[in-house]
Chemist: 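Pasting a structure here, questions to come.
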Amino acid sequence: MIYFIALSAIISLIGLAAAAAAQETSLAVFGLALFGFGVLFGLLQVKHHFDAKDAARH
């Protein structure tokens, strides 16, 4: 799981860098979408971790 969270952090940083360096609107939107995907994917991984931990406890 930690590898996927690290991967999502890298994806998010690449998205922010792409949005910051964008000369066109389409690349800026793509970069922001990539950033959003990375953040949501990381949060989803954390949710899955705690859901599995909670299911194992019951």
Chemist: Using ring pair (Phe, Tyr, Trp, His ring centres under 6.0 Å) as the criterion, list what pairs up with Phe41, not counting sequence neighbours.
Modeler: Phe37
Chemist: Any link between Leu43 and Phe35 through a network of hydrophobic side chains (Ile, Leu, Val, Met, Phe, Trp, Tyr) touching at under 4.5 Å?
Modeler: yes
Chemist: Show every side chain to side chain donor-acceptor pair (under 3.5 Å) that has at least one partner inside residues 6-24, sequence neighbours left out.
Modeler: none
Chemist: Quick check: closest heavy atoms across Gly31 and Ala18, and the distance to 0.1 Å?
Modeler: CA-CB, 4.2 Å
Chemist: Establish whether Ile14 and Phe30 are linked, either directly or via other cluster members, by ILVMFWY side-chain heavy-atom contacts under 4.5 Å.
Modeler: yes
Chemist: Side chains of Arg57 and Lys53: does their closest heavy-atom pair fall under 4.5 Å?
Modeler: no
Chemist: Applying side-chain contact (heavy atoms from CB on, under 4.5 Å), name anything that partners Ala52, two or more places apart in sequence or on another chain.
Modeler: none
Chemist: Just to verify, which of Leu34, Leu16, Val39 counts as forming a side chain to side chain contact (heavy atoms under 4.5 Å, CB included) with Ile11?
Modeler: Leu34
Chemist: Only one of Leu7, Ile5, Leu40 passes side chain to side chain contact (heavy atoms under 4.5 Å, CB included) with Gln45; say which it is.
Modeler: Ile5
